[in-house]
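What follows is a set of notes on a single structure, which appears directly below.
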Amino acid sequence: MSVLHIINKSPYDRSSLDTCLRLAQPDSAILLIEDGIYAVQKNAAAAQKVEQALANHQIYALQPDLEARGINPDNMIDGIALVDYDGFVKLTTDYDKSQSWL
Amino acid sequence: MSVLHIINKSPYDRSSLDTCLRLAQPDSAILLIEDGIYAVQKNAAAAQKVEQALANHQIYALQPDLEARGINPDNMIDGIALVDYDGFVKLTTDYDKSQSWL
Amino acid sequence: MNEGPYTHQASDSAYHFTAAALRAGHEIVRVFFYHDGVNNGTRLSVPPQDDRNVSERWSELANEHGVELILCVAAAQRRGLLDEDEAKRAGKDSNNMAPGFQISGLGQLIDAGIQADRLVVFGD
Amino acid sequence: MNEGPYTHQASDSAYHFTAAALRAGHEIVRVFFYHDGVNNGTRLSVPPQDDRNVSERWSELANEHGVELILCVAAAQRRGLLDEDEAKRAGKDSNNMAPGFQISGLGQLIDAGIQADRLVVFGD
Amino acid sequence: MATKKFLYVNRTAPHGSIYAQESLEVVLIAAAFEQDVSLAFIDDGVYQLMQNQDTSGIGSKNFSPTYKALGDYDVSKIYVEQESLELRGLGKDDLMPLTYEDEDDDWAEKDSIHVVSSKELAEIIDQQDVILNF
Amino acid sequence: MATKKFLYVNRTAPHGSIYAQESLEVVLIAAAFEQDVSLAFIDDGVYQLMQNQDTSGIGSKNFSPTYKALGDYDVSKIYVEQESLELRGLGKDDLMPLTYEDEDDDWAEKDSIHVVSSKELAEIIDQQDVILNF
């Protein structure tokens with residue numbers, strides 16, 4: 001019964017990533033979209049918790065949202081996988097259900 | 001040139017109170033409205049920074065917003081003053097300008 | 001779909017997701033517009049020429065792929081999104097709903113949750 | 001005034017503040033509606049009978065106290081808020097602006113900032 | 001029609017925005033569909049259940065008494081995250097008492113609110129079929 | 001007409017919401033009023049100035065090149081809070097170079113972006129007449 005957690009807000013402005021990490025089961029995955037993308041940045045204040053989360057969760061980031069925000073993929077935390085909208089659709093079918101942390 | 005800082009978001013969901021406290025000059029005041037009201041609660045995680053802020057700032061809370069949210073005035077941090085909408089208008093004239101931390 | 005056009009990216013994300021799901025051959029049971037999401041259903045939007053037309057893009061999905069676009073009636077009434085019937089019933093002199101959208105009840109959201117294999121929420 | 005009616009409390013707060021300022025004898029130079037705030041200017045809203053009518057309340061302030069209510073034209077066009085002239089110009093078959101509201105440019109916001117002794121922003 | 005497990009997740013404070021109110025409207029409509037319904041109140045969502053909310057001063061509709069009707073709609077699984085309460089300096093006593101009558105126990109009146117740990121709530125989320133977020 | 005000191009405060013990331021874009025539209029219009037204009041980028045607002053933004057994949061307008069025109073509109077006081085940059089793992093090099101030509105210095109091209117501490121920014125805020133927030 002694994003869950004795809006979707007985060008669309010910056011970890012610096014909203015509590016949604018923290019809450020997701022507190023409530024996500026170990027086999028669930030996390031997809032970063034829209035302003036949720038900012039959680040991918042290396043050497044940033046939110047990086048440590050994202051790196052720790054990678055031990056328990058697959059973490060994906062939506063590439064078109066990454067590009068819109070001008071984040072260099074080289075500055076992404078290692079282990080985060082990029083997907084496009086087709087990949088986003090596939091993730092929602094790979095996991096039993098999705099949970100958008102609005 | 002003193003400023004009335006207006007906070008309308010919960011300190012648990014948004015960064016606006018933290019940013020305001022980082023950027024408010026000692027003679028400026030803070031008015032809590034809408035969901036900013038939740039910062040008044042005693043014995044809560046945000047209480048310590050609000051109590052510290054009271055050393056440098058007058059802090060006001062909008063009473064109709066407090067009542068809407070069911071917060072008992074007895075559970076308000078000591079030193080926060082309640083105002084109604086008339087008092088809100090007066091505050092904007094008492095201070096030289098306002099800064100809404102949207 | 002919980003937010004209106006332009007102000008939040010949610011409507012763009014939901015559109016691109018829906019288009020990709022159709023490309024992949026999935027059936028879209030319904031797109032349900034709630035909260036400010038009902039504002040996607042206006043036909044009066046006049047975006048700048050170099051910008052996308054969010055409402056028209058949704059209408060095209062309805063037109064070309066038969067995607068059901070439902071605005072929640074209570075949310076739409078509050079926010080002033082009316083079709084011809086709703087406008088008449090409320091005694092309003094005009095209406096603003098775009099082609100391809102329909103007004104219906106919240107039950108359509110629950111029904112979609114029951115019918116569909118997956119439900120994805122887009123919002124603020 | 002940066003947010004639409006009902007979804008965020010901002011429009012209620014701004015209304016109560018404006019009413020209180022008028023009670024205190026202050027002059028309101030202008031209420032400028034920007035971003036989703038333009039959605040306050042619809043006359044098609046049909047809120048539940050036991051709820052407030054946000055748009056009508058603004059219209060009353062214009063009618064009874066002569067308060068100038070300006071919708072930013074660019075923000076309004078994007079979101080489908082049109083008066084009769086704008087609708088004609090855009091080739092739209094209907095319009096939805098409420099009485100007491102006017103459409104004008106962003107310059108009116110800056111002008112208000114220059115003219116007024118105080119400027120207060122309400123938003124999300 | 002198949003019965004699915006629906007979870008309504010509330011993370012938003014009431015009154016500052018309409019999400020709480022319109023979420024409650026969904027839950028009441030959903031009751032007619034006889035699905036397995038649970039509600040979760042997390043983060044600022046816990047404020048939705050505060051006692052003594054009085055909106056007369058802000059002029060908007062006070063929808064908070066409607067939560068008390070949830071029991072009549074057979075919505076009796078209301079999960080409130082303990083960590084969210086504690087962070088906000090709140091306890092269960094600060095929340096409205098919400099009850100339902102248990103038909104399997106001679107219609108005894110029982111508490112609908114379950115204060116649960118993050119760990120318990122994580123498992124509840126995991127067991128759902130459909131998750132709606134507001 | 002009196003000249004006032006206007007500060008435009010940007011705390012919102014671009015693209016996820018329209019505030020950044022519509023704020024920039026205000027600043028460009030405001031230039032015609034010949035007031036004393038400053039811009040502050042704080043918190044997620046610093047992301048507005050990121051280099052290499054490419055919105056072709058999300059289909060919305062890429063307004064980021066417009067920031068480069070600010071110098072031509074005599075908007076040359078652009079304050080970026082250092083603490084906000086550091087928290088996000090960013091430095092000035094991650095931001096678009098924004099410049100203006102200084103008419104008091106033989107039209108020399110100068111940097112419009114000033115990375116300032118919280119303390120400096122607090123003083124800048126204090127000196128304004130009108131503060132607009134987006």
- Sub-4.5 Å side-chain heavy-atom contact between D:Tyr6 and D:Arg52: yes

- Message: Under a 4.5 Å cutoff for heavy-atom pairs, which residue among D:Asp51, D:Asp124, D:Asp93 has the most contacts with chain C?
- Response: D:Asp93

- So do the side chains of C:Phe33 and C:Cys72 get within less than 4.5 Å of each other, counting heavy atoms only? no

- Of the listed D:Gly4, D:Gly91, D:Ser45, the one with the largest count of heavy-atom pairs under 4.5 Å with chain C is D:Ser45

- Which bit of C:Asn53 comes within less than 4.5 Å of chain D, counting heavy atoms only: side chain, backbone, both or neither? neither

- Heavy-atom side-chain contact between D:Asp12 and D:Arg57 under 4.5 Å: yes

- Message: Quick check on the interface: out of C:His35, C:Arg79, C:Gln77, who has the most heavy-atom pairs with chain D under 4.5 Å?
- Response: C:Gln77

- Is it true that the side chains of D:Ser59 and D:Arg43 contain a donor and an acceptor less than 3.5 Å apart? no

- Item | Heavy-atom proximity to chain D below 4.5 Å, by part of C:Asn40 | neither

- Item | Polar side chain donor-acceptor pair, C:Trp58 to C:Thr18, under 3.5 angstrom | no

- Query: Highest number of heavy-atom pairs under 4.5 Å with chain D: which of C:Ser94, C:Pro5, C:Pro47?
  - Reply: C:Ser94

